[in-house]
There are 2 protein chains.
Amino acid sequence: MLTRTPRGSSDKNHLLARGVMLWRCIADDYEQTILVGKYDNGAKLPPESEIAARYGVNRHTVRRAMAELGARGLVRTERGSGTFVRTDKLDYPIGQRTRFSEIVAAAGHEAEGRLQGHRHELASEEVAAHLGLTVGADVVRLEILRAADRVPISVATTWLPAARYPDAAKIFRRLRSVTRTLDHYGITGYARKWTRISAGFTDAVDAGRLRLSVHRPILVVESLDVTGDGEPIMTTRGRFAADRVALIVES
Amino acid sequence: MLTRTPRGSSDKNHLLARGVMLWRCIADDYEQTILVGKYDNGAKLPPESEIAARYGVNRHTVRRAMAELGARGLVRTERGSGTFVRTDKLDYPIGQRTRFSEIVAAAGHEAEGRLQGHRHELASEEVAAHLGLTVGADVVRLEILRAADRVPISVATTWLPAARYPDAAKIFRRLRSVTRTLDHYGITGYARKWTRISAGFTDAVDAGRLRLSVHRPILVVESLDVTGDGEPIMTTRGRFAADRVALIVES
DNA sequence: CCGAGTTGTCTAGTTCAATAGACAAGTCAT
DNA sequence: ATGACTTGTCTATTGAACTAGACAACTCGG
């Protein structure tokens, strides 16, 4: 059947966007049906061969689509058994001791932090106020992507006073953890002073980094961390994939 | 330079969506800058070679992107001269004699109508009311894509009483014009009885047919046409690409 | 008219998406 | 344990996307 339909005449036309690969169209299509709630958490998807037949497509193409959904954290495949929907969210407690690696490890997942970019810049009014600096003071800005079990959870922009932590980027890149980076600077214990939570939607950049579509909901978490003496260390603006995380605030 | 960067490490990373071809990303990127109003109507884009250099991409890839923008009606290229932005809209008068082919021809463009699909169905409450039939009566439903100079302008769903126009689809497919199709049935003059205009956004299907992105604005034009004697002929629900058409209502 | 600048077209080569088929490795119910 | 079913991996092939370079055709200002 279908001896090489050159992308245009078959009945899979309804998905085919010009310039978008077939596997991506299938992945997006399935993401929709999952996000719309057609499958419960843990539900089993049809076998790859059946999906392939339904779309009129090779099984390998479906496998690529499923790999994409896996990377987005929407699905988990088990060899010999099947592919299962995964819409449960990581519980992320917000408290005095809010450390990504610890939280994720405690939940039984593999934590990962990657530096996506960094630069020195002049403190904005907001950053200066948070860190107790004068506007225009030299600050280090880090863009960090965090993942649990290789699934992106958040992107965060962190500012630190450059005077105190001049090589924060270089050190983070080596140690791959904010806690360990601060430890390198002799900060053994630090605490969350305040956290401000709002919400929004992904822009194109965050969507790419988080492996989300554009216009998916995100939790915006602004925060300030201080030393035991109350001296400001860093202020952060994190964007959490709301499809994958729930913030827990104990009272 | 750039001895084949295998899609991932160069500075064009910020556009690269997984599973989306480079030319499509560039086309979408330029569409944004045009729609956001960065270029006036008729403004000249940079030469292809310059755009290619800016994106770090081969000129052929830029040409493909520009071809796409041309197909979307956003841009017009002139050999030896350049590529020019085209954000003016087709003036589409709504009146008693509202005929796509005539209006487009009068504006100096080449009109085209293609039947995208058709079927017999049972008249809904709304369609029955418009056509003066009983609910559930047999009606012919046509899906027609209309274009001016090969640029898609509208998709329209038209319903006709099947009792009177049983083979409307077959005849339209041959004659490629509603006017000529009705002429075949002996309807020489027909008139627009009423027109109802609202607005909305493209869904995935209409976006594909109109070569628009999803969530672009559309004008929704519902209408009823009647014979000289006032007998209902057809009711239509057209979706016009608001980026390319302006409806003109004389009073 | 000339020449610089711009789009159109052609050839060629490399990488990757998608197809096709086969088989290994794992799960699960009977 | 057996066997049906499902995912993982391998090889091979075809066509499209992208790159590279060259040249033709065309426009426009000096």
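Below, chain A is the first sequence line, B the second, and so on; all start at residue 1.
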Separation of [X] atom [atom1] from [N] atom [atom2], in whole Å?
X	N	atom1	atom2	result
B:Arg63	C:dC10	CZ	C1'	12 Å
B:Trp23	C:dC16	CH2	C1'	16 Å
A:Arg76	D:dT6	CZ	P	17 Å
B:Lys44	D:dG29	NZ	P	12 Å
A:Ile26	C:dT19	CD1	C1'	13 Å
A:Met66	D:dT6	CE	P	14 Å
A:Glu78	D:dT6	CD	C1'	11 Å
A:Arg64	C:dC16	CZ	P	10 Å

Taking OP1 and OP2 of [N], is either one under 4.0 Å from a side-chain nitrogen or oxygen of [X]?
X	N	value
A:Thr77	D:dG8	yes
A:Thr61	C:dT19	yes
B:Thr83	C:dT7	yes

**Study point:** Side chain of A:Asn58 (C-beta onward), nearest among C:dA20, C:dG8, D:dT7
**Key:**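 Nucleotide nearest to A:Asn58's side chain: C:dA20.
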
Point to revise | Closest listed nucleotide, where the reference is the side chain of B:Arg79 and the choices are D:dA24, D:dG8, D:dT6 | key: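 The answer is D:dA24, which lies nearest to the side chain.
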
**Study point:** Residue pair A:Ser154 / A:Arg244, side-chain donor-acceptor N/O under 3.5 Å
**Key:**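 A:Ser154 vs A:Arg244: no donor-acceptor pair found between side chains.
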
Check your understanding: When you check the side-chain N and O atoms of B:Ser101 and B:Arg176, is any donor under 3.5 Å from an acceptor?
Key ->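 Their side chains do not contain a donor-acceptor pair, so the 3.5 Å distance test is not met.
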
Review point. From A:Thr181 OG1 over to A:Ile171 CD1, what is the distance, rounded to the nearest 0.5 angstrom?
Key: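 Those atoms lie 6.5 Å apart.
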
Review point. Roughly how far, to the nearest 0.5 Å, is CG of B:Leu145 from CD of B:Glu112?
Key: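 These two atoms lie 8.0 Å from each other.
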
Review point. Does B:Arg180 offer a backbone N or O that forms a donor-acceptor pair with the side chain of B:Ser177 under 3.5 Å?
Key: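 Such a contact is found between B:Ser177 side chain and B:Arg180 backbone.
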
Point to revise | Presence of donor-acceptor pair under 3.5 Å, side chain of B:Arg59 and base of C:dG8 | key: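 Counting by modelled atom types and ignoring angles, a donor-acceptor contact under 3.5 Å is found here.
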
Exercise for review: Check if the side chain of B:His60 and the base of C:dG8 share a donor-acceptor pair of N or O atoms closer than 3.5 Å.
Suggested key: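 Check fails, no donor-acceptor contact within cut-off.
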
Point to revise | Whichever of A:Arg24 and A:Ser81 has its nearest DNA chain C nucleotide further upstream toward 5' | key: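 Result: A:Arg24.
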
